[in-house]
Amino acid sequence: MAPRGDVPGPDSASRTLVLGVDGARRIVQCGPNVRAVLGREPGELLGRAACDLVAEEGKAELEAMLEAIGAGQERRGMLPVLNRGDMVSAIVTAQPMLGGDADAAPAGLLYVQVALPPSERYQDPALMRRALLDDPLTRFADSLDLDQSARKIVDVIVPHYCNAASVLVLESLVAADEVHSESGSAVMRRVAVTSDDDNPAWTSAFPVGEVLVFPEGTPYHEVMDTARPVHKPHIDGAAAAAIGKIWRRGPAGELLTDVSMVLLPLIANDTLLGFIACTRVPGFRKFDLYDVEIGMEFAAGAAIVIENARRFSRERATALALQRSLLPNRLSAPSSVEVRHRYLPGSKLVEVGGDWYESIALPGARVALIVGDVAGHGVRAAVTMGRLRTALHTLANLELPPADALHVMHELMIELGEQEPHFATCVYAVYDATTGTIEIASAGHLPPLLAGPGGDNEYLRVPPAPPLGVAGGAAIESREFTVEDGSLFVIYTDGLVENRGRDIDDGLARLRAIFGPESVDRPMEDLAKATLAGVYADQHRDDIAVLIARLRRLPEDRCASWTLPADPAAVRRARGLVRARLADWGLEDLEYTTQLLISELITNAYRYAHGPIELRLLYERTLVCEVLDRSAALPRLRRAEDDDENGRGLLVVSQLAHRWGSRRTAAGKVVWCEQVPPGVDPEPIDLDSTWPGESHHLPG
């Protein structure tokens, strides 16, 4: 690897000569280090024209800079200066002198800055210490990102301390796990690499992002094993080749030939986090023990920066894991219903709050749509939210009506309030895609918005009730609405329509305008984005949850129902009806199983209920068979003994069906079972609905 060259960069070690120039553009004063910068004696320069300092191709530019001095202006440029006949690139600054005696003082000053030759780099310990420890640590200590911090560390240590450097940390640190005592065999990850000449060989032999275990017999293994700095003043060709052979990495051995190396351990709170590998290539001064001492001072500060980034990463990973565990991973709905959601926490530090949303597909082409809001912010509100969401998800699967489910939730909040006061608002809706009706109950929540396919919209009037957990007040009641096919149903939390700078009425009007006549044919994803437009820059916003559903009925040809008399012949008739309908739907493969399931369900209805029996088949992604009777007693699965004559019907249903269940209705109950047609995914993943969680801070 060759040295960078003779052009001093802004942070390079350099030497500067100051020259005084009079009005005739002749050198009248000369700094003390003229020999070191230009290789000449002071007498050789005094009285000569300033343009004699540079080669022929630089004279015109220097003349222009000298003319600027006369006009009281400062100029700077890169010029080829002469050093004993050789041409060296230098940064030349021309600066006018203002005031003073014109006869006694020069008209201006020339600052000639050249890079130190390789043999003289890293000679001044005070300069090296100041470059490493004064300003740079405060410059990169403000970053809490591990990769950015590591990059800033190597950008400081190169070129002030060495020619090439890399930062390696424990892989467990990158994964935001707890860091335990590690040895030389620890799994490491290289997070930053740089060199002062941008030689691609370094990043090729030591790639960023590489995860590895250093083999025994290498200096890298030694620094992790001892947690002490490893100083290799000179690695000759044989030693470098040995390292490359042990490591099975020949290019590394070539780069390390004749270099000087120091490995600086990164230790914070008595914990080894990794190390910085520092290398000086041939032609530069070799590392000595004083260099090691300076490097360890820098590594101590860098370790604190890395440790802070590690802790931040761990806390962020914990918050994200909490969020992903508390919020639903996916939304489910009947095939005729399209659902989108948005979630935006009020805090950027803790990315979870008290708002939640649910879309739960229910048997019979129905879907439960829920949005709730626990009072408060942060982790405490999120924990309560997680309890309520889990309980409400269970109640939805038990198929309780919305008002009954919210009443149970209210009792739960009263119980939780005995330990710590809490209250929450919630809106719970169940849409039936076979009838086109939606049943809604609300506990202290803002009204749902329903936008019809004709462009009209309104906030639905739901019977009011106090928030969950607030004692007293009216009972929770539900109301049923008939929904036009293709309508948009929007439920949300108050953070969407209210903040410190906007009245809630203005927010409600804004939301209503989004779902105006133009929203009828607008893609759901565009509508979801529009609901959050403008809220990202609001620093005082509350948590936000939004659920949008485009409600469509199940096609009539995918639903069939029959009313059967309560007599034994109903089973035979039902089998014939089912066989014919499955043939129409192309589900002959399910014919035998479906007939057996229908026989068991209708037989149970005939034995334990009175009055007519209704049979219904629904075919969307799955095939659902429902039997409705007049008895409110729900069936219970039990295992029959060998000598029992009854009790095996539901066991057969549970074994043959994908899933089964029952629910009460106003007139009795429904017992249902579900089958999955061959080659069909019963719960396909909707990739467009996986927006929040990992990227909810981005408006795009």
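- Taking all atoms of both residues into account, the shortest heavy-atom contact from N163 to V158 is O-CG1, 3.6 Å.
- In terms of the side-chain hydrogen bond (donor to acceptor under 3.5 Å, both in side chains) criterion, R76 has no residue partners (sequence neighbours excluded).
- In this structure, E44 places its CD atom where more than 12 heavy-atom neighbours from other residues, nucleotides or ligands lie under 6.0 Å away.
- For the pair S260 (side chain) and P233 (backbone), a donor-acceptor distance under 3.5 Å is present.
- The closest donor-acceptor contact from the side chain of D196 to the backbone of A164 lies at 3.5 Å or more, if one exists at all.
- Using a distance-only test at 3.5 Å, with no hydrogens or angles considered, a donor-acceptor pair links the side chain of D288 to the main chain of Y290.
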(request) Start with the C-alpha gap between R25 and E63, add the side-chain angles, then the distance that decides, and say whether salt bridge (charged side-chain N to carboxylate O under 4.0 Å, His left out) holds. (result) CA-CA 9 Å; R25 302 174 186 175; E63 284 283 358; 2.8 Å; yes
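- Here the CZ-SG distance, from F284 to C162, works out to 11.0 Å after rounding to the nearest 0.5 Å.
- The pair R129-E297 meets the salt-bridge criterion, with a side-chain N (NZ, NE, NH1 or NH2) lying under 4.0 Å from an Asp/Glu carboxylate O.
- When atom types are taken as modelled, the side chain of H231 and the backbone of F287 share a donor-acceptor pair closer than 3.5 angstrom.
- Annotation for K59: atom NZ counts as buried by contact number, over 12 foreign heavy atoms lying within 6.0 Å.
- We find the CG-CD1 distance between N269 and I304 to be 8.0 Å, quoted to the nearest 0.5 Å.
- Summarising the geometry, atom CG belonging to L527 is positioned 10.5 Å from atom CZ belonging to R342; distances are rounded to the nearest 0.5 Å.
- Atom CD of Q95 sits about 4.5 Å away from atom OH of Y111, to the nearest 0.5 Å.
- Using a 4.5 Å heavy-atom cutoff, the side chains of L255 and W202 are in contact.
- Around CG of D270, the count of heavy atoms belonging to other residues, nucleotides or ligands within 6.0 Å does not exceed 12.
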Distance-only donor-acceptor hits, side chain of residues 45-54, under 3.5 Å, sequence neighbours excluded:
none

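- A donor-acceptor contact shorter than 3.5 Å is absent between the side chain of D543 and the backbone of G495.
- The pair D291-R285 meets the salt-bridge criterion, since a charged nitrogen lies less than 4.0 angstrom from a carboxylate oxygen.
- Electrostatic pairing of R151 and D155 counts as a salt bridge here, judged by a charged N lying under 4.0 Å from a carboxylate O.
- A distance-only check finds no donor-acceptor pair linking the side chain of T271 to the backbone of I267 [under 3.5 Å].
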(request) Quick one: do E222 and R228 satisfy salt bridge (charged side-chain N to carboxylate O under 4.0 Å, His left out)? Show the steps, please. (result) CA-CA 8 Å; E222 181 182 349; R228 297 176 62 85; over 6 Å; no
For residues 203-211, which side-chain N or O atoms pair as donor and acceptor with protein atoms under 3.5 Å away, sequence neighbours left out?
residue : atom : partner : partner atom : Å
T203    : OG1  : P200    : O            : 3.1
E210    : OE1  : R190    : NH1          : 2.5
E210    : OE1  : R249    : NH1          : 3.1
E210    : OE2  : R249    : NH1          : 3.1
E210    : OE2  : R249    : NH2          : 2.3

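- Interatomic distance, F298 CZ to H160 NE2, rounded to the nearest 0.5 Å: 9.5 Å.
- The distance from atom CZ of R35 to atom CG of N33, rounded to the nearest 0.5 Å, is 10.0 Å.
- Checked by atom type, the side-chain pair D197/S195 shows a donor-acceptor distance below 3.5 Å.
- Side-chain contact check for Y161 versus V262: some heavy-atom pair is nearer than 4.5 Å.
- Two residues are said to be in side-chain contact when any heavy atoms from C-beta on lie closer than 4.5 Å; V305 and N308 fail this criterion.
- A 6.0 Å sphere centred on CD of E56 holds no more than 12 heavy atoms belonging to other residues, nucleotides or ligands.
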